[in-house]
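Data first, discussion second: the structure below is written as structure tokens.
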Amino acid sequence: MGIIQPRLPKGMRDILPQQMVLRQHTLRIVEEAFAEFGFEPLVTPAVELREILLGKYGGDSEKLIFFVQHPGGKEDLALRYDLSVPLSRVVAQYPELSKPFRRYQIAPVWRAERPQKGRYREFYQCDADIVGTASMLADAEIIALVYTILSRLGFQQFVTVINNRKLLTGIGQYSGVPDAQLTGLYRAIDKYERLGLKGVRKELRQEGLETATVDRLCELIWPADGRPASLDNLRAELGRLPLAREGIDELQELLGYLPSLGVDPRCYRFDLAMVRGLDYYTGPIYETVVEEPRIGSITGGGRFDGLVGRFSKQSYPATGTTIGIERILDILEEQPTFSARETLVEVLVTVFSPDLVTESLQLLSELRGSGLRCELYYEADPLGTQLRYALKKGIPALVILGPDELSAGKVAVRDLQAKSQTNVERAAVAQELRALLDRDDP
């Protein structure tokens, strides 16, 4: 039998240790913020029943669902497309959950996307959602959570763009868009960044809308004078439409809470052209873009009040966001100041000679017992070989226990970043290593 060429399916990737160090560090920051904001962890299966997923996302999105089956299987199965629909299924399936139900989930999802930079067919989502309250305070907290996470990750130039689906629907009604074609309206506006205003107009005409309707709609969203639409002007224009008025009220209430939650006013704005592509959004929607480098949105979410009701007679209002961890990691890796170690190991314990293996093992156990992450070099190779191994892996410290050190009751500690070495009392070696690692930690 011939050798099988090692390769991956299109759109999939291996995540090697150097990338995993940054990934785990980033995910710890995200998860700590989730917990700080009072969200509880949840796990759902990778595979859901096909009927659970279909009919929730919209036609274009549902073309990207991966369907899976095993031989002899009697159930139609699919890999989860996101974490919001499984959450809604959980809330309906376990009505005893306390409300509001605040949950976070960090897990992979699968989409048959066209692979490109920042877009993969298997990727992680980091979701935080609040189910069981219609209060705009919940939406404001979600935006404050996004601001907190991105600030802690070191982002400085980012903006969370905020809109409301009710207002968009009201604009469609005001412009003369038939109710049956409102979904097509969302999808066309969502393509503005890619197609421009001319392309959006063409899309709307292809949806069957009259030219006068398209003109009225586009003038409201993209005024000819180039100034962004304001909520006060929209209230004056659309205030007689209950749905539009409700959307404007929600936006003004939501935006009014953000300063008190410590969100920098430079990091959020209202934008009538931001739509979000999924069909299940019902109220406020939000996504965050990084000004530099331009890689698209790195968070996205909104209110999906009707989704739980697709699985139960008892529906609940809900809102939440996804932190786009894959794109965030792509951005972090491109920063000129970023340098990640390849390893989580902090200390390499060398083996000076075969007859000193036992002493190295005892030192290894002592250091691990003090909380240091240690690796033992298994062979009694020359110390230069062991040193080069540590340097190649990016291990910051190395310890040597040879005959001279043993007789003196000391351990040689080498700082591989500072290129220095000191002899330390055996009882103080863990403390010295911890101080060394704290000095070297950027």
Side-chain angles (χ1 to χ4, degrees), residues 55-61 134-136 139 161-256 269-287 300-307 309-310 315 317-319:
K56 315 302 185 304
Y57 303 105
D60 290 343
S61 298
S135 172
M136 290 296 105
D139 298 84
V161 184
I162 305 168
N163 200 1
N164 193 297
R165 275 291 183 85
K166 294 174 184 176
L167 176 55
L168 284 168
T169 299
I171 287 174
Q173 293 171 340
Y174 173 85
S175 302
V177 179
D179 289 347
Q181 292 177 266
L182 288 171
T183 300
L185 165 66
Y186 301 146
R187 292 175 188 153
I189 296 173
D190 195 40
K191 297 176 182 178
Y192 175 75
E193 285 289 331
R194 180 162 53 89
L195 301 180
L197 182 55
K198 184 176 180 180
V200 171
R201 284 181 174 276
K202 182 178 178 180
E203 287 274 326
L204 291 169
R205 291 291 291 119
Q206 288 176 345
E207 290 287 334
L209 299 182
E210 298 292 333
T211 300
T213 297
V214 173
D215 290 344
R216 194 178 304 118
L217 178 74
C218 290
E219 177 58 27
L220 278 171
I221 299 177
W222 300 283
D225 60 12
R227 291 185 299 176
S230 72
L231 290 175
D232 288 338
N233 290 342
L234 289 168
R235 185 183 294 279
E237 189 80 20
L238 307 174
R240 62 183 179 81
L241 296 172
L243 196 61
R245 188 168 62 247
E246 187 176 338
I248 293 168
D249 289 343
E250 289 180 352
L251 282 169
Q252 289 186 320
E253 182 182 356
L254 166 59
L255 292 168
R269 62 179 167 82
F270 162 64
D271 188 341
L272 197 52
M274 194 278 290
V275 176
R276 300 291 300 155
L278 300 178
D279 286 355
Y280 56 56
Y281 290 119
T282 59
I285 48 178
Y286 18 82
E287 66 181 32
R303 184 160 283 277
F304 49 102
D305 287 350
L307 196 52
R310 302 292 299 273
S315 189
T319 190

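Lys56 NZ to Arg310 CZ: the interatomic distance, rounded to the nearest 0.5 Å, is 5.0 Å. Interatomic distance, Arg201 CZ to Asp215 CG, rounded to the nearest 0.5 Å: 5.0 Å. Expressed to the nearest 0.5 Å, how far CG of Leu272 lies from OG of Ser230 amounts to 10.0 Å. Atoms CE and CG, from Met136 and Leu255 in turn, are 11.0 Å apart once rounded to the nearest 0.5 Å. Interatomic distance, Arg165 CZ to Thr282 OG1, rounded to the nearest 0.5 Å: 9.0 Å. Within the model, atoms CG of Leu231 and CD of Gln252 stand 5.0 Å from one another, a figure rounded to the nearest 0.5 Å.
At distances below 3.5 Å, at least one donor-acceptor pair connects side-chain atoms of Arg205 with backbone N or O atoms of Leu209. Listed for the Ser315 side chain is a donor-acceptor partner under 3.5 Å among the backbone atoms of Asp305. A donor-acceptor distance shorter than 3.5 angstrom exists from the side chain of Arg245 to the backbone of Gly239, with no hydrogens or angles considered. Between the side chain of Arg303 and the backbone N or O of Gly283 there is no donor-acceptor pair closer than 3.5 Å.
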- Task: Could you go through the side-chain contact (heavy atoms from CB on, under 4.5 Å) check for Tyr281 and Leu307 one step at a time?
- Result: CA-CA 9 Å; Tyr281 290 119; Leu307 196 52; over 6 Å; no

- Message: Test side-chain contact (heavy atoms from CB on, under 4.5 Å) on Thr169 and Gln173; report intermediate values, then the result.
- Response: CA-CA 6 Å; Thr169 299; Gln173 293 171 340; 3.9 Å; yes

- Task: Given side-chain contact (heavy atoms from CB on, under 4.5 Å), test Ile162 with Leu254 step by step and report yes or no.
- Result: CA-CA 10 Å; Ile162 305 168; Leu254 166 59; 3.9 Å; yes

- Task: Check the pair Glu253 / Glu250 against side-chain contact (heavy atoms from CB on, under 4.5 Å), numbers first and verdict last.
- Result: CA-CA 5 Å; Glu253 182 182 356; Glu250 289 180 352; 5.7 Å; no

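For the pairing with Tyr286, the side-chain hydrogen bond (donor to acceptor under 3.5 Å, both in side chains) check across Asn163, Asp139, Asp271 returns one residue only, Asp139.
For the side-chain hydrogen bond (donor to acceptor under 3.5 Å, both in side chains) test, no residue two or more places apart in sequence or in another chain qualifies with Glu210.
Considering all non-hydrogen atoms of both residues, Leu195 and Val200 come closest at CB-N, 4.3 Å. The nearest pair of heavy atoms linking Ser175 to Leu220 is OG-CD1, 4.2 Å.
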